[in-house]
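Worth knowing before you read on, the calculation uses all heavy atoms, side chains too, and leaves out hydrogens, waters and symmetry mates. Note that ligands are numbered from 1 as they come in the structure, with each ligand's atoms numbered from 1 the same way.
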Amino acid sequence: MMAPAATALGFELRVLAEGPDVSAVPAVANATVGDYRDLQVLADFAAGVDVLTFDHEHVPGGHLSALVEKGFNVQPGPDALIHAQDKLVMRAAVERLGLPNPGWAEVADVEELAAFGESIGWPVVLKTPRGGYDGKGVRIVADGAAARECADWFGAGPLLAEEKVPFTRELSALVARTPGGQSTAWPVVHSIQVDGVCDEVIAPAQDLDPAVAEAAAAAALRLAEELGVTGVMAAELFETPGRGPGFLVNELAMRPHNSGHWTMDGSLTGQFEQHLRAVLDLPLGATGLLSGATVMKNFLGGPNPDLFAAYPLAMAAEPAVKIHTYGKSVRPGRKIGHVNAVGAAGDLPALRRSAGRAAAIIRDGRDPLKEN
Ligand code: ADP
């Protein structure tokens, strides 16, 4: 999704893809297939570009440090990126900066996990510090007996244990920052998760206390500044009225993020364009809303194996909805695209219905409003 923004600005985008079937390969004219865990592959690729950036956070930090040492321009750099790669490092940084964390502990074994649960109260949330996404690597531990059943998770080192936060909503504060230090924020959004996967985003978050919205954006900008983040960063937050500044930090992502896909149609500057501007150290684009509200709805792989076959139905049913399909093969539960519905804030219920209907038609191959 960075490709259209690069084309519009006349930048040549190259991609190092992990396999020939990766959806970036047909989207980017100059695609190399190679293993991002192989330093030599990374160095060969980096030699041909001005700036190196990422669309996922799994490139080993040690390799990135080696590239920086060789003089390559890596954005964000490994010292920033580690806070999106390792949730234990992130928790410690949030604490160091005096920003609001849930109760948390680094736990080395089931005994420490049980002790944490006894002190903070059950249930607790147990997380692998690295490699998790879409709720994979996150487990709810009900009580001391359940903690003892988590022994298999401790093979690869200490884990992150957190209190189970009684939040009212999940919010996301999306910002961008350049190496020169310019930064911008988009309005704080409400992200709705289903089974640990982002399902829908409402931008801006409705009826959010303006003081909380301002504090949340300020916290994300401060994290970006203090951690030396460049490019787009999402701070995922829990809304906690009456506690802390009204939110707690959940986690950080350093790349264009699912909670920012609404910006592609709903903001003056979409997150993919902003990411390119930021990592190239160009002045950032304005982040205002194009209309009162935008609803982003993901579609996951479902019963319909041929997305394009559903286009005539979806496009005819919801002509105002913008469709973004990722070119991935359809597998159950896999994120394969999203739609955006943009309109007046007063029309939010209708925007949600339209986005939901278009996404459902593409996923299922039939119109939920025309069953039977
Ligand atoms: P991932 O890296 O998979 O996105 P997260 O840490 O964001 O993992 O957790 C996935 C989801 O689990 C969150 O969006 C939230 O719904 C829930 N969750 C995570 N941590 C907590 C917590 N401490 N308290 C309550 N719910 C949580």
Distance under 4.0 Å to a non-hydrogen atom of V125: what atoms of ligand 1 satisfy this?
20 (N), 21 (C), 22 (C), 23 (N), 24 (N)
Contacting atoms of ligand 1, where contact means under 4.0 angstrom from a heavy atom of F167
25 (C), 26 (N)
Mark yes when over 12 heavy atoms from residues, nucleotides or ligands other than R334 sit less than 6.0 Å from its CZ; otherwise mark no.
yes
Protein residue, atom and distance nearest to atom 13 (C) of ligand 1, heavy-atom basis
E170 OE1, 3.5 Å
Judged by heavy atoms only, the candidate from Q193, E236, E162 nearest atom 23 (N) of ligand 1 is E162
N/O to N/O below 3.5 Å, does that happen between V165 and ligand 1?
yes
Are F238 and ligand 1 in contact, using a heavy-atom cut-off of under 4.0 Å?
yes
In the protein, what heavy atom is nearest to atom 5 (P) of ligand 1, and what distance, to one decimal place, separates them?
E251 OE2, 3.7 Å
I'd like to know if the side chain of R14 reaches the main chain of G48, judged simply by a donor and an acceptor atom lying under 3.5 Å from each other, with no hydrogens or angles considered.
yes
D199 side chain to I192 backbone, donor-acceptor under 3.5 Å:
no
Taking H83 for the side chain and A80 for the main chain, is one N or O donor matched with an acceptor at less than 3.5 Å?
yes
Donor-acceptor pair, side chain of T287 and main chain of A185, under 3.5 angstrom
yes
So between K127, K87, K136, whose heavy atom ends up nearest atom 8 (O) of ligand 1?
K87
Atom 11 (C) of ligand 1 [closest protein heavy-atom partner, distance rounded to 0.1 Å]
G196 CA, 4.7 Å
Just which atoms of ligand 1 are under 4.0 Å from any heavy atom in K164?
24 (N), 25 (C)
Criterion salt bridge (Lys or Arg N to Asp or Glu O under 4.0 Å) on D152 and R139, from CA distance to verdict
CA-CA 12 Å; D152 56 317; R139 194 188 261 196; 3.6 Å; yes
Side chains of H275 and T53: donor-acceptor distance under 3.5 Å anywhere?
yes
Short question: side chain of S291, backbone of A293 - any donor-acceptor pair under 3.5 Å?
no
Which protein heavy atom lies closest to atom 3 (O) of ligand 1, and at what distance to 0.1 Å?
G135 N, 2.5 Å
Nearest option to atom 12 (O) of ligand 1, as decided by whichever heavy atom of V124, I192, V197, V138 sits closest:
V138
Numbering the atoms of ligand 1 from 1, which are under 4.0 Å from a heavy atom of N250?
5 (P), 6 (O), 7 (O), 13 (C), 20 (N)
Do any non-hydrogen protein atoms sit less than 4.0 Å from atom 19 (C) of ligand 1?
yes
Indicate yes or no: does an N/O atom of E163 lie under 3.5 Å from an N/O atom of ligand 1?
yes
Is there a donor-acceptor contact under 3.5 Å linking the side chains of N73 and D50?
no
Apply salt bridge (Lys or Arg N to Asp or Glu O under 4.0 Å) to the pair R352 and E318, showing each step before the final yes or no.
CA-CA 12 Å; R352 292 186 73 182; E318 297 295 344; over 6 Å; no
